[in-house]
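First the structure, in the form of structure tokens, and then the observations on it.
No experiment lies behind these values; they were computed from the predicted model shown. Convention: sequence-line order gives letters A, B, ...; per-chain numbering from 1.
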Amino acid sequence: MSGVISGAEKALSMLRALPRVNLGNIRNTGAPKRSKRARGQHGGDKHGAGNKGSGQRQNYMRPGYETGNNPFYLRPPREPYYLGQHLRKQYPPISLQKLQTMIDTNRIDTSKPIDLAALYNSGLFGGEQDSRWYGFNLTDEGADIFNAKVNIEVQWASEGTIAAVERCGGVITTAFYDIDSLWVLKNPEKFFKKGEPLPRRSMPSQDVILYYTSAENRGYLADPAEVAYQRVALAQKFGYDLPQLSQDDPMYNTLVERKDPRQILYGLNPGWIVNLVEKEILKPKDQYLQEYYSS
Amino acid sequence: MKFLAPEFRSLILRSARKYCSEALPSTNAAGATQTSTAVAAITQRDVPIVNLGDRKLPFLSGYERPRQAWVESFDTLEEKKLGLIDLHPSIFGEMPRIDVIQDNVKWQRYYKFVSFAHTKVRAEVHGGGRKPWPQKGGGRARHGSIRSPLFKGGGVVHGPRSPTSYFYMLPFYTRVLGLTSTLSIKLAQDDLHIIPDLEIPTDDPEFIEDLIRTRNWGVSVLIVDADDVMPRNITIATDDIKHVNLMPVYGLNVFSMLKHETLVLTLSAVEMLEERLLYQLNRKDSKEICKKFKLSQI
């Protein structure tokens with residue numbers, strides 16, 4: 001072991017020479033001290049609040065109010081740079097560097113296709129889901145060191161990102177998920193416990209339909225032949241040799257797997273009910289249900 | 001140091017020596033290897049080998065070295081060292097956070113406490129319905145009730161009301177850190193002893209008391225085993241001794257560890273403690289348990 005002694009070890013070795021820690025001598029030295037309202041000569045009288053007015057009554061004017069003048073913040077004309085920003089779709093970034101780190105630390109299994117559920121399963125993403133949040137934007141930060149061969153599906157990707165993934169022999173797809181599908185992907189187990197049939201994934205909304213039908217973006221609705229053409233075109237543009245996908249490759253089955261445009265989770269079709277208690281899957285039998293859930 | 005009384009001087013010297021021996025790992029390690037070979041000889045002779053020096057410790061970062069402790073015999077009055085055991089530094093070598101321990105102790109005292117202190121408001125005090133004197137003309141201050149808070153014997157404003165619950169939940173990982181901090185302190189201050197199991201030759205309480213006296217384990221001892229069904233002898237022997245208590249691992253808590261001077265863990269208790277605490281420290285869904293505690297949660 002190294003000769004470096006950690007802070008904890010130092011503290012513990014100091015404790016050897018100190019009295020036994022017991023119920024009588026522990027205290028929280030870091031707890032915030034509450035100041036008390038002093039009396040008399042120790043700061044009584046007005047208790048530091050001054051004489052009358054808003055100092056004593058804490059009824060301060062709102063910030064920016066200039067007692068009746070046209071306030072400074074209202075004097076220049078309005079410049080609405082961010083008009084409608086709160087309504088736009090949001091794609092929080094996740095970099096190739098972070099993806100590589102997650103793969104290297106076994107947070108993600110590359111032998112299976114990586115989708116939102118796999119990213120969430122890493123346990124690194126969580127928190128509250130914003131209503132305008134539509135998945136991840138895979139950014140090209142760390143593209144130089146990215147060397148994993150993956151079949152990844154994200155919601156937004158730049159040209160550089162696509163090149164970095166395809167240069168390593170991987171496959172990238174951009175796919176749209178509606179809000180309800182995102183909830184399923186975020187915590188599939190929680191959804192299964194509800195006992196509801198898996199919903200149908202919606203088609204992309206008007207503002208993003210062009211993105212997801214474009215082969216340049218590797219959209220999931222693009223023509224596969226066109227995507228194959230664009231893969232070669234991008235390799236020529238960035239100057240790398242596009243690795244050929246052969247059936248002898250042990251990753252072959254993983255790399256060719258794609259989701260149906262109506263499908264949310266790999267291996268499960270819309271309309272199916274997953275019963276975690278009985279460990280069985282219930283599939284719709286009625287003709288009209290099958291028609292409804294088919295893509 | 002010359003100005004000190006001799007007994008204090010020796011005390012400080014002893015403490016300083018303790019401190020130095022801990023701070024110099026090289027001498028410590030050399031001593032440990034020498035004694036462990038000696039112990040190996042003993043263990044081969046007459047006792048089962050419990051030298052667990054090569055335990056596999058999971059979740060080790062590589063920057064922290066394992067803590068070590070002796071495994072001592074429990075079936076003899078005199079302490080017999082049976083072997084060395086590696087202890088996980090995340091459990092037994094954690095930063096001693098006295099403040100977190102204090103938080104835990106406070107929480108353990110408060111969460112089950114219900115205050116029955118009670119005062120009456122002016123409406124609840126008997127009488128006082130009549131206006132004591134007319135509003136005007138008496139030359140006295142106006143009053144509407146003799147049970148007003150201004151009156152002696154009147155109601156109390158903002159007094160304690162019964163029952164008041166002091167229940168709250170400490171954040172999950174503060175509770176975990178409280179346990180690891182306390183275990184680390186107990187080990188660092190030589191108040192933690194590890195024994196192979198709870199088998200003792202007799203059910204006589206005198207045996208336990210003699211053992212504690214011989215080994216300088218102090219007055220109060222908390223003995224912890226993995227299982228809550230313990231051997232007959234130890235159960236009967238400690239039944240009447242109020243300051244020697246038995247506890248399963250699932251009941252181990254900060255307050256009890258501090259309440260007792262010495263903590264005694266069986267090997268199975270050490271295994272179980274490490275396994276449970278390491279699981280909690282490394283679990284993947286820790287975000288779920290860090291959420292705000294709700295009374296309705298399962």
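Annotation: the span from A:Ile26 atom CD1 to B:Lys106 atom NZ amounts to 11.5 Å, rounded to 0.5 Å. One distance of note links NE2 of B:His260 with CG of A:Leu23; it measures 10.0 Å at 0.5 Å rounding. We find the NZ-CD distance between A:Lys190 and B:Glu288 to be 7.5 Å, quoted to the nearest 0.5 Å.
Looking at B:Arg65 and A:Ile5, their side chains come closer than 4.5 Å, going by heavy atoms from C-beta outward. When side chains are defined from C-beta on, A:Leu12 counts as touching B:Arg67, because their heavy atoms get closer than 4.5 Å.
Other residues, nucleotides and ligands place no more than 12 heavy atoms under 6.0 Å from the CD atom of A:Glu141. Residue B:Phe59 places its CZ atom among more than 12 non-hydrogen atoms of other residues, nucleotides or ligands, all under 6.0 Å distant. Within 6.0 Å of NZ on A:Lys89 lie more than 12 heavy atoms contributed by other residues, nucleotides or ligands. Heavy-atom contacts from other residues, nucleotides or ligands closer than 6.0 Å to CZ of A:Arg27 number 12 or fewer. Sparse packing is recorded around CD of A:Glu189, with 12 or fewer heavy atoms of other residues, nucleotides or ligands lying under 6.0 Å away.
Considering only heavy-atom pairs separated by less than 4.5 Å from chain A, the leading option among B:Val105, B:Thr182, B:Ile101, B:Asp191 is B:Asp191.
In terms of heavy atoms, A:Leu15 sits closest to B:Pro96 at CD1-CB, 3.6 Å. The minimum heavy-atom distance between B:Gln189 and A:Pro19, with the atom names listed, is NE2-O, 3.1 Å.
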### Task
Evaluate the side-chain contact (heavy atoms from CB on, under 4.5 Å) criterion for residues B:Asp190 and A:Arg16: first the C-alpha distance (whole Å), next the side-chain angles of each, then the deciding distance (0.1 Å), finally the verdict.
CA-CA 8 Å; B:Asp190 290 339; A:Arg16 288 180 69 84; 3.3 Å; yes

Quiz: residues 47-58 of chain A side-chain donor-acceptor pairs under 3.5 angstrom, not counting sequence neighbours:
residue	atom	partner	partner atom	Å
A:His47	ND1	A:Ala38	O	3.0
A:Gln56	NE2	A:Gly50	O	2.9
A:Gln58	NE2	A:Gly55	O	2.9

